[in-house]
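The structure appears right after this line, and notes come after that.
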Protein chains: 2
Amino acid sequence: MEVMPEDLPHPSKDEIRIEAVLHALADPVRLTIVRELASCVDGATCGTFELPISKSTRTHHVRALREAGVVNVRPEGTSRIVTLRRDDLDSLYPGLLNGVLAARQ
Amino acid sequence: MEVMPEDLPHPSKDEIRIEAVLHALADPVRLTIVRELASCVDGATCGTFELPISKSTRTHHVRALREAGVVNVRPEGTSRIVTLRRDDLDSLYPGLLNGVLAARQ
DNA sequence: CTCGTACTACGATGGCCCTCGTACTTAGCG
DNA sequence: CGCTAAGTACGAGGGCCATCGTAGTACGAG
């Protein structure tokens, strides 16, 4: 589909599985990350997430979201730009992301 | 809201938490149950689910779905009638259920 | 080159939970 | 009452994973 210069492995759109997505979203930390990403269209650096967790745990969660197909991660210097794969998720599971984000915190 | 004679504890609509719902849906067995429930409007007996699991495991999963607020369980003789709480879920997380059910198997 | 920043890799730990078998309860039937 | 069917309770085992600290890599600034 789209060709993007990356070195981090991402599942293609047709490799995304609903169970993996749901499992990725079921964690409170990852859900917070997804909410933050949804509120800033340009994507965010890993370090900008305000979370009471260690760096390695943050890496772990961003990796989990990436491998589930929920986010895209792009190197940018020493940082990683993280963006929601909103188009893919919306076309695979229309309404799912909206429903999740509609939840009262 | 609605008064229903039950002896099994269910979370009220405002007690349902998105993380619990997502976690409940993230299991392949429970997702199968939800899919079967979505296809039969009248609800189903626990025993009618065709699953390669033991009785106690089935009980465990139905309980998990009930405690997360995904399904309603009503005694009926020696059986339990299980129904999707579609109205509650749709109003709390509009689109979520549709998105999940839209996933290719 | 040196230093600091941003992140990753790896192993350890602890907890959650999926699965099961066994024993038990309850309802219905004769 | 005796029997069967449907489901629950409980405990055990085993695996997955969230969390962390430490060590290491990669990039940019000076």
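Side chains included, hydrogens not; waters and symmetry mates left out as well; all remaining heavy atoms used.
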Would a distance-only check, ignoring hydrogens and angles, find a side-chain to backbone donor-acceptor pair under 3.5 Å from [X] to [Y]?
{"X": "A/Thr59", "Y": "A/Lys55", "result": "yes"}
{"X": "B/Arg66", "Y": "B/Pro9", "result": "yes"}
{"X": "B/Arg74", "Y": "B/Thr83", "result": "no"}
{"X": "B/Tyr93", "Y": "A/Ala102", "result": "no"}

Next on the checklist: I'd like to know if A/Arg80 and A/Glu76 make a salt bridge, using a cut-off of under 4.0 Å between side-chain N and carboxylate O.
Outcome noted: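 A/Glu76 and A/Arg80: not salt-bridged.
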Next on the checklist: Quick check: closest heavy atoms across A/Ala38 and A/Leu101, and the distance to 0.1 Å?
Outcome noted: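 Answer, listing the atom of A/Ala38 first, then A/Leu101: CB-CD1, 3.6 Å.
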Checklist entry - So does A/Arg58 get a side-chain nitrogen or oxygen closer than 4.0 Å to the phosphate oxygens (OP1/OP2) of C/dC7? => result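 Result: yes.
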Item to check | Short side-chain N/O contact to C/dA6 OP1/OP2 from A/Ser79, under 4.0 Å | outcome: no
Quickly work out the [X] [atom1] to [N] [atom2] distance and round it to whole Å.
{"X": "A/Glu19", "N": "C/dC17", "atom1": "CD", "atom2": "P", "result": "17 Å"}
{"X": "A/Lys55", "N": "C/dG4", "atom1": "NZ", "atom2": "P", "result": "14 Å"}
{"X": "B/Leu8", "N": "D/dT8", "atom1": "CG", "atom2": "P", "result": "7 Å"}
{"X": "B/Arg74", "N": "D/dA6", "atom1": "CZ", "atom2": "C1'", "result": "16 Å"}
{"X": "B/Arg63", "N": "C/dT19", "atom1": "CZ", "atom2": "C1'", "result": "15 Å"}

Pairs: protein N or O with nucleotides 15-22 of chain D N or O, under 3.5 Å:
{"unit_1": "D/dA18", "atom_1": "OP1", "unit_2": "A/Arg30", "atom_2": "NH2", "d": "3.2"}
{"unit_1": "D/dA18", "atom_1": "OP2", "unit_2": "A/Arg30", "atom_2": "NH1", "d": "3.0"}
{"unit_1": "D/dA18", "atom_1": "OP2", "unit_2": "A/His60", "atom_2": "NE2", "d": "2.7"}
{"unit_1": "D/dT19", "atom_1": "OP2", "unit_2": "A/His61", "atom_2": "NE2", "d": "2.1"}
{"unit_1": "D/dC20", "atom_1": "OP2", "unit_2": "A/Ser54", "atom_2": "N", "d": "3.0"}
{"unit_1": "D/dC20", "atom_1": "OP2", "unit_2": "A/Ser54", "atom_2": "OG", "d": "3.4"}
{"unit_1": "D/dC20", "atom_1": "OP2", "unit_2": "A/Thr57", "atom_2": "OG1", "d": "3.0"}
{"unit_1": "D/dG21", "atom_1": "N7", "unit_2": "A/Ser56", "atom_2": "OG", "d": "3.1"}
{"unit_1": "D/dG21", "atom_1": "O6", "unit_2": "A/Ser56", "atom_2": "OG", "d": "3.1"}

Item to check | Complementary nucleotide of D/dG30, counting Watson-Crick and G-U pairs under 3.5 Å | outcome: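 Answer to the pairing question: C/dC1, which forms a Watson-Crick or G-U pair with D/dG30.
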